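Here is the structure we will look at, set down as structure tokens.
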Amino acid sequence: MLAFKPAHGTLLMVLLIICMEASQCTIFQVEPPEEIKIIDPGYLGRMEITWTLPASLTHIQECPTLYQLEYFNAYTQRWDVIKTPQRTYSAQFDLMKDIQVRVYTLLGEHCANNTWIKSQNYTELVQKPPGEGPHAVNNFHCVFFNMEHLGCLWTNYHNLPSNAQIYLYYWHKDLEQREECPKYLFRNGVRCGCSFTGKPLPDFTDVNFCVNGSSPEGPLRPTYQSLQIQNIVKPNPVVKLTLQQDHDTQLKLRWKKPDGNVPEDCFIWEVEHTSKESQKEQIYTMDTSLILPAVAERNCFRVRSKLNKYCVASSIWSKWSDQRCI
């Protein structure tokens, strides 16, 4: 078998010559897949990507084939690259933005001198989000309070029809199909959020949310978001903050972590120190106590917390504790 790459300026393709016998050789192009399809199974952004076998490979069974799938990840703002022998792949997309997918074909090993040859061209699909109607809601966000209960809130757009009805749906990999909010929250008689108290959701896996709406006046645009709930934890405030002065030279500050499901070694604490001159200093620590010099006649402290980077990718600061002064 011989592999030929085109010279600069020629048609972008790769030609392979496979000689099964000395007198019988076959020439064909290494082409990208014929067609790409994106199938929505109703998982609120988890989509199935499928593509077809290149026509030139229909009768070539002896050559191992791989596919290089590239899709734009709107959450990380970069292209993700996957190599697979299959012609299907499941990926997460933000359905409020363009879906961009492209696939190359790769042939290799004993058909290409123990290497892989990739098609110069790729097959591409760009799918745009629906653009009709006003958005149903704005400012959608969720908080996992103290790792105990999850709540999501949103605000309605000012031009939302008064007779519109808002719905929240969610899905994760343990569900066969999407489900609706177990308990809606209301403001002035209008749905403004969802409480998942008593309905636990898995951590360290994507949970997809969709806030949609219906209106007799026309379609509404949905809002989609994919979250991992361990990254939106907001701890409860610090309890039992005590401050003592020792021999006029040292200050001893102690506090206790809030009760709940957050592991003790996952906390990082921010201590705010305010002196008599109203100068503020921030101190960060993994411990629940500090010994500090008494640098002013009056010293005030308050503490808040969040989960550290060794436990989660991100977190939300708790509320400040009550201030203690000496």
Side-chain angles (χ1 to χ4, degrees), residues 40-48 73-76 90-96 136-156 165-187 190-213 222-240 256-269 286 288 304-319 321:
D40 185 356
Y43 297 156
L44 312 179
R46 193 72 181 179
M47 310 289 275
E48 295 291 334
N73 189 328
Y75 295 104
T76 61
S90 177
Q92 183 69 39
F93 292 95
D94 183 349
L95 298 186
M96 295 187 296
V137 300
N138 189 22
N139 297 325
F140 176 78
H141 63 281
C142 299
V143 178
F144 192 18
F145 293 97
N146 211 42
M147 281 191 170
E148 294 173 342
H149 61 274
L150 178 72
C152 299
L153 295 174
W154 59 79
T155 56
N156 294 339
Q165 186 64 52
I166 303 301
Y167 305 92
L168 178 141
Y169 298 96
Y170 67 99
W171 178 86
H172 53 79
K173 65 180 182 180
D174 296 332
L175 297 178
E176 293 184 0
Q177 59 185 5
R178 68 182 187 182
E179 295 186 5
E180 190 175 353
C181 168
K183 183 180 179 181
Y184 285 107
L185 305 175
F186 293 85
R187 182 186 298 116
V190 178
R191 289 176 178 175
C192 66
C194 177
S195 172
F196 288 85
T197 302
K199 189 78 172 181
L201 297 178
D203 55 5
F204 293 97
T205 189
D206 291 334
V207 181
N208 296 341
F209 297 91
C210 172
V211 185
N212 207 344
T223 294
Y224 294 92
Q225 194 164 128
S226 182
L227 300 169
Q228 293 195 3
I229 64 172
Q230 81 280 354
N231 293 327
I232 52 172
V233 173
K234 182 177 183 178
N236 285 341
V238 165
V239 295
K240 295 184 178 180
K256 182 181 178 182
K257 85 172 188 71
D259 294 333
N261 298 327
V262 181
E264 186 169 0
D265 58 358
C266 283
F267 283 100
I268 183 171
W269 311 93
M286 304 284 284
T288 55
R304 65 177 181 172
S305 67
K306 69 176 182 178
L307 276 65
N308 62 53
K309 64 181 180 180
Y310 303 107
C311 291
V312 297
S314 63
S315 182
I316 302 171
W317 284 109
S318 71
K319 293 182 178 179
S321 67

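Remember, it's a predicted structure, so these values are computed and weren't measured experimentally. Values below: every heavy atom of this structure, side chains too, minus hydrogens, waters and symmetry copies.
- With sequence neighbours excluded, no residue satisfies ring-ring contact (aromatic ring centres under 6.0 Å, His included) with Tyr169.
- Looking at every heavy atom in both residues, Ile166 comes nearest to Arg191 through O-NH1, 2.7 Å.
- Scanning for side-chain contact (heavy atoms from CB on, under 4.5 Å) contacts around Ser226 gives Tyr75, Gln92, Asp206, Asn208, with sequence neighbours left out.
- Panel note: side chain Asn139, backbone Leu153; no donor-acceptor pair is recorded below 3.5 Å.
- To the nearest 0.5 angstrom, Leu150 atom CG is 8.0 Å from Cys194 atom SG.
- Once rounded to the nearest 0.5 Å, the distance linking OG1 of Thr155 with CZ of Arg187 reads 8.0 Å.
- The OG1 atom of Thr288 lies 12.5 Å from the NZ atom of Lys240; values are rounded to the nearest 0.5 Å.
- Residues passing the ring-ring contact (aromatic ring centres under 6.0 Å, His included) test with His141, sequence neighbours excluded: none.
- Classified by interplanar angle (parallel below 30°, tilted 30° to 60°, perpendicular above 60°), the ring pair Phe186/Tyr184 is perpendicular.
- Listed here is the closest heavy atom pair of Met47 and Leu95: SD-CD2, 4.1 Å.
- Using a distance-only test at 3.5 Å, with no hydrogens or angles considered, no donor-acceptor pair links the side chain of Asn146 to the main chain of Glu148.
- Distance check: Cys311 SG to Asn231 CG gives 11.0 Å after rounding to the nearest 0.5 Å.
- Residues passing the ring-ring contact (aromatic ring centres under 6.0 Å, His included) test with Phe144: none are found, sequence neighbours excluded.
- A pairwise comparison of heavy atoms in Pro258 and Asn236 identifies CG-O, 3.4 Å as the closest pair.
- A 4.5 Å side-chain heavy-atom check between Tyr43 and Lys173 finds every atom pair outside the cut-off.
- Between Gln230 atom CD and Thr205 atom OG1 the span is 9.0 Å, to the nearest 0.5 Å.
- Using the six-membered ring where Trp is involved, Phe196 and Tyr170 have ring planes that are perpendicular, over 60° apart on the 30 and 60° scheme.
- Residues Val137 and Thr223 approach most closely at O-OG1, 3.5 Å, considering heavy atoms.
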>> For a side chain to side chain contact (heavy atoms under 4.5 Å, CB included) check, start with the C-alpha distance between Val312 and Val233, then their side-chain angles and the critical distance, and finish with the verdict.
In response: CA-CA 9 Å; Val312 297; Val233 173; 5.7 Å; no
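- What you find for Arg304 and Lys319 is that their closest heavy atoms are CB-O, 3.8 Å.
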> When you look at Val211 and Leu168, which way does the side chain to side chain contact (heavy atoms under 4.5 Å, CB included) test go after all the steps?
Replying inline: CA-CA 4 Å; Val211 185; Leu168 178 141; 3.9 Å; yes
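- In terms of modelled atom types and a separation under 3.5 Å, the side chain of Asn261 and the main chain of Met147 share a donor-acceptor contact.
- With sequence neighbours excluded, the residues satisfying disulfide (SG to SG under 2.5 Å) with Cys152 are Cys142.
- Rounded to the nearest 0.5 angstrom, Leu201 CG and Trp171 CH2 are separated by 12.5 Å.
- Applying the salt bridge (charged side-chain N to carboxylate O under 4.0 Å, His left out) test to every pair with at least one member in residues 193-202, sequence neighbours left out, gives these pairs: Glu179-Lys199.
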